Amino acid sequence: MKAIRRFTVRPVLPEPLTPLADLARNLRWSWHAETRELFQSVDPDGWQAAGGDPVRLLGAVSAARLAELSGDRRFLRRLAVVTADLDDYVGGGRWYQSHESGAELPAAIAYFSPEFGITAALPQYSGGLGILAGDHLKAASDLGVPLIGVGLLYRHGYFRQSLSRDGWQQEHYPVLDPNELPVSLLRDADGTPARVSLSLPGGRALHAHIWQARVGRVPLLLLDSDVEDNDAPAREVTDRLYGGGSDHRLLQEMLLGIGGVRAVRTYCDLTGHPAPEVFHTNEGHAGFLGLERIRELEGERGLGFDAAVEAVRAGTVFTTHTPVPAGIDRFERSLVARHFGEGGELPGVPVDRILELGAESYPGGDPGVFNMAVMGLRLAQRANGVSTLHGAVSRGMFAGLWPGFDPGDVPITSVTNGVHAPTWVAPEVVRLGIRQIGPGRTEDALSVGGSRRWDAVADIPDQDVWDLRRVLREQLVQEVRDRLRASWLQRGAAEAELGWVDSVLDPDVLTIGFARRVPSYKRLTLMLRDPERLRRLLLDPERPVQIVVAGKAHPADDGGKRLVQELVRFADDPRVRHRIVFLPDYGMAMAQKLYPGCDVWLNNPLRPLEACGTSGMKAALNGCLNLSVLDGWWDEWFEPDFGWAIPTADGVGTDEERRDDLEANALYELIEGRVAPRFYDRAGRTGLPVRWIEMVRRTLVSLGPKVLAGRMVREYVERLYAPAALAHRALTPDAARDLAWWKGRVRAAWPRVGVEHVEALAAAPVNGTAELGATLTLRVQVSLDALTPDDVEVQAVAGRVDAQDVIRDGRAFPLKPSVGPDLEGRWVYEGPLALDRTGPFGYTVRILPSHPLLATPAELGLLAGPSETDTAGPGPGVVLR
């Protein structure tokens, strides 16, 4: 008989045990081993049944057991120690509080993301974006950074994955009851649930409650539209992560951005938390937060639209995660206009100006769409990609917003992602670190970094390293067998036909892992290009290989589902099923066993379509070696000492089949010729693979400090958050108005700004050559129209040139006004140009807007250079010798 209503009955904790409730509600337990061990001791079997979730555990533990624990002095002492540790963690000073910049740092930062992967007990994530956001919050907490996380609470999460008998992906959407999750309702002073509201066309409204999760020191606010006052469609806005059609997604993103800002304001008013000075938009999904802040400034504080835009931009950071235009949310302009037009949201903010912010008004853009990433870039003075290569890809992808600029000058920097080591490093690895370098130094190394602490890994004996690797591999083997058996039972198999599962994988065989989302560019099935060759690899009698694969295709991606099915069918073959497995329902709980247990982590995307690829970082922190295409973070930090680079067939053009064949062949050859021989090379008296063990050490020593989320968050604080806070403070209402007026004046004059004449004076090249170390003196005549030298910067840009006379890796040399203005607004600029490189060398001259409140001269997207007919002085192909 099915219940007509579901609710949770919680036990009343005896007074001595009341601290357990606070420990369970702060998600620090998800990365704090001592807290997890305390909860496990409450009821070991119940802890296993609860999936390692303290809230579920406390909801199921018997009153008799609680009464027993309340009189157990040993347990109460442990409880007191763990509680005091959490109090110290939450309230004590950390890296941020002792930072040398002090008052220059922002009082608070609001961090918006459509998903957050904190723990499997709070399933509000789909993949890398959410896991990265969760790691960002955890590292901010460890460092004491005053972050406020903002997202949505999805009542069905993403989806749970299973397989049909023939290997087709099936999706399930279990209902999540917030009362059974580690979250609590934010309440007004009178005890009623706090909520935010948005206006919808046709007189409708969208209301949302605010659930709060505690991520260590960081509050995470999650908006939930399942509110009784909403009509049925509005209640379903936060039903599923990345679900529904365009209108549904638009409402989700309006609630995240606009509702999220209102939720932050409500939270700060109720708790006294400092108001954010910086707003960080993690991908374009939350871009509407800028519109709400414009409304606040324009309506409530009396700024005009243009001045409000400037004030908003100053304190906004935008992070792009996608290297492909298809990964960006784009909506029909008419749909956006309907939701922000008459009777919609943000009354008083001109809808035509809103539409301009998301317009693809550049060559190749679609005038009929509203682009969320484009709006995010236009409303953020600072933007970044998530690896050095991805930063370069992003500068090329969005170069249309800065016409005339070389991609290298596009103002998008990069902060390479990192991962939260206390979450992802296996307890066995941590214990070995504690034994080698001590508990305090180990915790500090995992959270904050510090290469000297990681150098101590080099002193761990070979035998200890190898014993650890085998223990982790053995644990993975057991995990795989348990999950594989459960999967086959779901697929309809009988227990009697699953005896073979007990012989799946071998704890002494080289183990390769591959787990991620399944879009086509990640190439789940590249390993299957030559099935017979793969079988030979798996079944090699002397150097066998075993592979563990996991991944989810988007529910609407039938192409991705076919890739999953192809892999599953290969893995179902009785000839190889003991050597290759596909595990459904990839998530955080599985990943925390998978990364440590693999010897090699495989990543073979189409280069350069992997923005970062943090799964390989998590594997590396556990002593797993990376075997990857040079993409994302691996392109940045790869060295032969600690991994392998899969060669790419970049020169084959659009022949995708040939490219995949070539790269698959390169992958097979690497495994056959280098990876497997290195693993099985047991020469010497010890019988250990000493060269492999040394690669494990080099992985930990060299990559350990780099791949940490602590390093990443410190970079965000120092390179983006602190400058954004200073810019925010400088943009007072009067300063914002002045800057908006100045930009308008510059834009109006710019069509008549240009370089009219360039000539070289002293040390001019003779017959097209000049000596290294010489200095050219340039004289340049420029037209500034109504502008003055205070409004512009005139630069000579010089460097090596290619066969088409394009300057590569150019360096800018400022020129100074010497004469002017004449009656037509022309000025003469002069300055030296150092000839500091040999070979084909060239220069040009450009004019850029200049203002103290600009983050970069490229900010306005305006650039003026010489006309193509001006040839005075040497051309761009001067050769130095």
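Atoms considered below: every heavy atom in the structure, side chains included; atoms not considered: hydrogens, waters and symmetry mates. Since we're looking at a predicted model, the values are computed, not measured.
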>> If I take atom CE from residue Met254 and atom CD from residue Glu292, how far apart are they, to the nearest 0.5 angstrom?
In response: 10.5 Å
> Does the pair Met375 and Phe370 meet the rule for a side-chain contact (heavy atoms from CB on, under 4.5 Å), with working shown?
Replying inline: CA-CA 8 Å; Met375 177 178 66; Phe370 184 94; 3.5 Å; yes
> Do the side-chain N and O atoms of His136 and Asn417 include a donor-acceptor pair separated by under 3.5 angstrom?
Replying inline: no
> Does CZ in Arg265 sit with more than 12 non-hydrogen atoms of other residues, nucleotides or ligands closer than 6.0 Å?
Replying inline: yes
>> Donor-acceptor pair, distance only, cut-off 3.5 Å: does the side chain of Lys552 make one with the backbone of Ser126?
In response: no
> Sub-3.5 Å donor-acceptor pair from the side chain of Arg378 to the main-chain atoms of Leu357, do we have one?
Replying inline: yes
> Do Asp190 and Thr192 have side-chain N/O donor and acceptor atoms under 3.5 Å apart?
Replying inline: yes
> Is Asp306 salt-bridged to Lys743, going by a charged N under 4.0 Å from an acidic O?
Replying inline: no
>> Can you tell me how the ring of Phe279 sits relative to the ring of Phe112, calling it parallel under 30°, perpendicular over 60° and tilted otherwise?
In response: tilted
>> Rounded to the nearest 0.5 Å, what separates atom CG in Leu176 from atom CG in Leu122?
In response: 8.5 Å
> Does Glu360 have any side chain to side chain donor-acceptor pair (under 3.5 Å) partners at least two apart in sequence or in another chain, and if so, which?
Replying inline: Arg330, Asn371
> Between the side chain of Asn230 and the main-chain N/O of Ser225, is any donor-acceptor distance below 3.5 Å?
Replying inline: yes
> So Trp742 and His851, would you call those rings parallel, tilted or perpendicular, with 30° and 60° as cut-offs?
Replying inline: tilted
>> Between Asp22 and Arg25 (salt bridge meaning N to carboxylate O under 4.0 Å), is one present in this structure?
In response: no
> Does the side chain of Asp226 pick up a donor-acceptor pair with the side chain of His209 at under 3.5 Å?
Replying inline: no
> Sub-3.5 Å donor-acceptor pair from the side chain of Tyr89 to the main-chain atoms of Asp142, do we have one?
Replying inline: yes
> Side chain of Glu345, backbone of Ser199: donor and acceptor closer than 3.5 Å?
Replying inline: yes
>> Main chain of Leu222, side chain of Trp211: is a donor-acceptor contact present, judged purely on distance under 3.5 Å?
In response: no
> Distance from His280 atom NE2 to Asn384 atom CG, nearest 0.5 Å?
Replying inline: 6.0 Å
> Are any side-chain N or O atoms of Glu283 and backbone N or O atoms of Thr322, one a donor and one an acceptor, separated by less than 3.5 Å?
Replying inline: yes
> Any donor and acceptor pair, going by atom type alone, linking the side chain of Arg217 with main-chain N or O of Val90 inside 3.5 Å?
Replying inline: yes
> Would you call Arg293 and Glu296 a salt bridge, taking side-chain N to carboxylate O under 4.0 Å as the test?
Replying inline: no
>> Has Gln97 got a side-chain atom pairing as donor or acceptor with Arg94's backbone, closer than 3.5 angstrom?
In response: yes
>> With no hydrogens and no angle check, just 3.5 Å: does a side-chain donor-acceptor pair link Tyr154 and Glu115?
In response: no
